[in-house]
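Just below is one structure, and these are the notes that go with it.
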Amino acid sequence: MRVLSGIQPSGALHLGNYLAMMEPMISYMDRSQLFVFIVNMHAMTSVADGEKLAQGTLEAASDFLALGLDPNRSIFWVQSDVPEVVELAWILTCITPMGLLERCHSYKDKIAKGISPNHGLFAYPVLMAADILLYQANTVPVGKDQKQHIEVTRDIAIKFNAIYGETFVIPEGEINDQVATVPGVDGQKMSKSYGNTIEIFLDEKNLKKRVMSIKTDSTPVDQPKDPEGCNLFQVYRHFAPKDRVEEVKRLYIDGGASYGVIKKELFEILWDLFRGPRLEKQKLVNDRGYIKSVLANGAAKARQIAMPTIEDVRWKVGMKY
Ligand code: ADP
Ligand code: TRP
C-alpha cells in the first residue's frame, strides 16, 4: 500500500502539523511504502520570497528528519525536484470544472482572511491532485482542513479515468477524527499563514511565552468552564497523559481548573516531548550537505516511480504522436 502526504514549507512546523500529519506519517514507516514530500510549489501561493522559501524547505526537511523520519524506510523529497508533477497538473487542469474549485473552503477561507488570491491559490487543489495521482497513492493522511482537497482529487481521477480509460488509483484520505483541527493561540485553526502557531522547535523561553499566550476567557478558577470550547484544553488534551486529561476535564466541569497551571503543565510536557528531536535538529542544522543528499536521493526514487504514470498519461491525452 502506498501512503503519501505533503507539507508546505511556508513557515516553521507546528503542533497541528505534527498531530495531523507528521506523527501519523512517521508511524506508517514500517507498515507501507511511505511517500513524504515538501510542497514548495504550493507554498509559493503564499510566499513570494525566494530566499525564505528555499530556507523554509531545508528547515521543514530537517524538522521531519529530526522527528524520526528515516529516509531509508521512506521516499522523502521536495515537490519541485520531480517537475513532471507540473505537467500532470496542467493536464488535469484541462478536465477540472471551474465549479469544483470555486466550492473549495480553503480558498474561500483564505480570501475571507484578507489574503489576496492569486491564480495559484485557486488552482492549488489541482496541483495537489497531481501530487497524489502521479504516485498512484492509496492513502493520504491529512488534517481535517484537507478533506475537501482529497475529494477534489478523487473527482478529478474518476473523471480522467472515465474519459481516457483506467489510469489512476482512486485515493482515500485518512483523517484522524480525534485530532480534527488543532486551534492556534488565538482560537482559530492553527496555521502557518495565520501567525498563531505553537512551533515544535522553539527554544525554551519562546515556547513558554507562546504557550502562556494561548487565549483563554476570564472565568475565575473556581467556576465551572466548558473544556470543549476552550483552546487551551483542545491543545492540552492531545499531549497530556490520558488519565491526567480526564482529571483536568473534571476540574473544568466542576470548577477548580486554573488556566495558568494548565499552561505551565502543557509547556513542560511539550518541552519534554520534543527534547530528543531538538537535539537531533541541532546536529542536522550543521549538516546541510546531508539533508540535500537525502532529498536528492528521494527525488530520484520518486521520479522513477512517477515515470510510468506520466508516460501513460502522455500517450492517452495525445502528447505523444
Ligand atoms: P498550514 O496550514 O500551517 O500551512 P499545511 O497546509 O502545510 O499547514 O498542512 C500540513 C498538514 O498539517 C496537513 O495535513 C494539514 O491538514 C495539517 N494541519 C495544518 N494545520 C492543522 C491544524 N491546525 N489542525 C490539524 N491539522 C492541521
Ligand atoms: N495542501 C496540503 C496542505 O496544505 C499540502 C499538500 C500538497 C498535500 N500536496 C499534497 C497533502 C498531497 C497531501 C497530499 O496541507
Side-chain angles (χ1 to χ4, degrees), residues 2-26 28 34-47 53 56-57 59-60 63-64 67 75 77-80 82 85-86 88-89 92 104-107 109-110 113 115 120-121 123-154 156-157 171-200 214 231 234-235 237-238 302:
R2 289 187 181 168
V3 177
L4 170 146
S5 196
I7 197 152
Q8 299 192 62
S10 47
L13 304 186
H14 56 76
L15 299 182
N17 299 144
Y18 175 75
L19 288 170
M21 190 272 201
M22 301 172 88
E23 215 235 326
M25 286 299 277
I26 290 170
Y28 259 119
L34 187 64
F35 294 72
V36 185
F37 56 126
I38 297 170
V39 294
N40 56 345
M41 289 189 289
H42 279 106
M44 279 192 74
T45 60
S46 63
V47 181
L53 190 61
T57 302
E59 278 282 321
D63 286 4
F64 244 115
L67 283 167
I75 301 180
W77 79 103
V78 176
Q79 184 185 34
S80 64
V82 182
V85 75
V86 187
L88 181 60
L92 299 179
C104 285
H105 305 303
S106 161
Y107 175 70
D109 287 352
K110 285 190 174 148
K113 292 253 160 24
I115 294 171
L121 196 61
Y124 184 111
V126 185
L127 180 59
M128 181 159 162
D131 279 338
I132 297 170
L133 302 178
L134 184 61
Y135 303 101
Q136 306 283 11
N138 307 93
T139 302
V140 186
V142 283
K144 195 173 158 204
D145 61 310
Q146 296 300 313
K147 187 170 183 233
Q148 194 183 29
H149 288 161
I150 307 287
E151 280 157 15
V152 169
T153 299
R154 290 169 58 87
I156 293 175
E172 300 279 347
E174 186 184 83
I175 293 146
N176 181 346
D177 288 331
Q178 290 302 307
V179 171
T181 301
V182 180
V185 295
D186 59 356
Q188 301 183 67
K189 169 189 134 73
M190 187 180 287
S191 171
K192 295 178 216 106
S193 31
Y194 302 158
N196 63 357
T197 61
I198 300 176
E199 298 166 16
I200 300 170
I214 296 175
N231 304 322
Q234 290 311 312
V235 178
R237 72 184 179 91
H238 293 297

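Whatever order the structure lists them in is the order used to number ligands and atoms, beginning at 1.
An N or O contact shorter than 3.5 Å is missing between Lys144 and ligand 1 by distance. Note: no N/O pair closer than 3.5 Å links Ser5 and ligand 1 by distance alone. The shortest N or O to N or O distance between Gln8 and ligand 2 is below 3.5 Å. Where the criterion is an N or O separation shorter than 3.5 Å, residue side chain and backbone included, Gln8 meets it with respect to ligand 1.
Among Asn17, Val182, Leu19, the residue whose heavy atom lies closest to atom 12 (O) of ligand 1 is Asn17. When the options Met25, Lys192, His149, Met128 are ranked by their closest heavy atom to atom 8 (C) of ligand 2, first place goes to Met128. Closest to atom 16 (O) of ligand 1 by heavy atom, among Ile175, Asp145, Val179, is Asp145.
Of all heavy-atom pairs between Asn196 and Ser191, the closest is OD1-N, 3.0 Å. The two residues Gln79 and Met41 have their closest heavy-atom pair at OE1-N, 2.8 Å. Ala12 approaches Lys192 most closely through the heavy-atom pair O-CG, 3.8 Å.
Between Asn40 and Ser80, the side chains place a donor N or O and an acceptor N or O closer than 3.5 Å (distance only, hydrogens not considered). The closest side-chain donor-acceptor pair between Glu174 and Tyr28 falls under 3.5 angstrom.
Test Ile7, Ile175, Asn176 against Val142 for side-chain contact (heavy atoms from CB on, under 4.5 Å) and you get one pass: Ile175. When each of Asp109, Thr181, Asp145 is paired with Lys189, the side-chain hydrogen bond (donor to acceptor under 3.5 Å, both in side chains) condition holds for Asp145 and for no other. The only option from Leu15, Leu19, Asn17, Asn231 that meets the side-chain contact (heavy atoms from CB on, under 4.5 Å) definition with Met190 turns out to be Leu15.
With a heavy-atom cut-off of 4.0 Å, Ile132 touches ligand 2 through its side chain alone.
Atom 5 (P) of ligand 1 has its closest protein heavy atom at Lys192 NZ, 3.5 Å. At the top of the distance list for atom 9 (N) of ligand 2, counting protein heavy atoms only, stands Asp131 OD2, 2.7 Å. Of the protein's heavy atoms, Gly16 O, 3.7 Å lies nearest to atom 27 (C) of ligand 1. What sits closest to atom 26 (N) of ligand 1 on the protein, heavy atoms only, is Ala20 CB, 3.1 Å. For atom 25 (C) of ligand 1, the closest heavy atom belonging to the protein is Ala180 O, 3.3 Å. Of the protein's non-hydrogen atoms, the one nearest atom 14 (O) of ligand 1 is Gly143 N, 3.0 Å. At the top of the distance list for atom 4 (O) of ligand 2, counting protein heavy atoms only, stands Tyr124 OH, 2.8 Å. At the top of the distance list for atom 2 (C) of ligand 2, counting protein heavy atoms only, stands Gln146 OE1, 3.3 Å. Distance from atom 11 (C) of ligand 2 to its nearest protein heavy atom, with residue and atom name: Gly6 N, 3.4 Å. At the shortest separation from atom 2 (O) of ligand 1 among protein heavy atoms lies Ser191 OG, 2.9 Å. The nearest heavy-atom contact from the protein to atom 20 (N) of ligand 1 is Lys189 NZ, 3.0 Å.
Distances below 4.0 Å separate heavy atoms of Phe37 from the following atoms of ligand 2: 12 (C). Within the listing of ligand 1, atoms 7 (O), 10 (C) sit less than 4.0 angstrom from a heavy atom of Ile7. Taking every heavy atom of Met190 and a limit of under 4.0 angstrom, the matching atoms of ligand 1 come to 20 (N), 21 (C), 22 (C), 23 (N). Distances below 4.0 Å separate heavy atoms of Val142 from the following atoms of ligand 1: 14 (O). Below 4.0 Å from some heavy atom of His42 lie the following atoms of ligand 2, by number and element: 7 (C), 9 (N). Atoms of ligand 2 lying under 4.0 Å from at least one heavy atom of Val140, given by number and element, are 13 (C), 14 (C).
Under the 6.0 Å distance and 45° angle rule, Lys110 counts as a cation-pi partner of Tyr124.
Taking the centre of each ring, Tyr135 and Trp77 come in below the 6.0 Å mark.
Two residues are said to be in side-chain contact when any heavy atoms from C-beta on lie closer than 4.5 Å; Asp131 and Thr153 fail this criterion.
Annotation: the span from Leu133 atom CG to Ile156 atom CD1 amounts to 7.5 Å, rounded to 0.5 Å.
Contact between His14 and ligand 1 is present, with at least one heavy atom of the residue lying under 4.0 Å from the ligand.
No side-chain donor-acceptor contact under 3.5 Å links Glu59 to the backbone of Pro9. For the pair Ser10 (side chain) and Ala43 (backbone), a donor-acceptor distance under 3.5 Å is absent. Between the side chain of Asn138 and the backbone N or O of Arg2 there is at least one donor-acceptor pair closer than 3.5 Å.
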